[in-house]
Amino acid sequence: MNEEEYDFHIDAKEGYRPHLMRSVLLMAEKQGLELLDEDEGDPEFVDEETIRLYLAPRPAPVQSLKTPMLTVVAA
């Protein structure tokens, strides 16, 4: 992760194990990142063996009007 350059990506080498990718994606999620979807960007081939998957910060969750974060009470 390079926050100054706003460059978040995973470089996956040919033959990586799926459980390793799951672990990396879970770590990224804990850092507030998620994979870009198809509309936002495509993976990039770095070389013959490596594909780069781009990540972006997850949007903040929208709070429901039914469960406000703050309640004002007047006495």
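One is the number of the first residue; the rest follow in order along the sequence. Computed from a predicted structure; not experimentally measured.
Side chains of E29 and R58 form a contact here, defined as non-hydrogen atoms less than 4.5 Å apart. Side-chain contact between Q31 and L55: absent, with no pair of heavy atoms (C-beta onward) separated by less than 4.5 Å. Looking only at side-chain heavy atoms (C-beta outward), V46 and D11 come within less than 4.5 Å of each other.
Closest non-hydrogen pair, Y54 versus D42, comes out as CD1-O, 4.2 Å.
No more than 12 heavy-atom neighbours from other residues, nucleotides or ligands sit within 6.0 angstrom of CD on E14.
For the atom pair L33 CG and F8 CZ, the distance stands at 5.5 Å (nearest 0.5 Å). Rounding to the nearest 0.5 Å gives a distance of 6.0 Å between CD of E49 and NZ of K13. Note that CD of E48 is 10.0 Å distant from OG1 of T50, once rounded to the nearest 0.5 Å.
Checked against L53 for a side-chain contact (heavy atoms from CB on, under 4.5 Å), the options L25, V24, L36, L35 give a single hit: L35.
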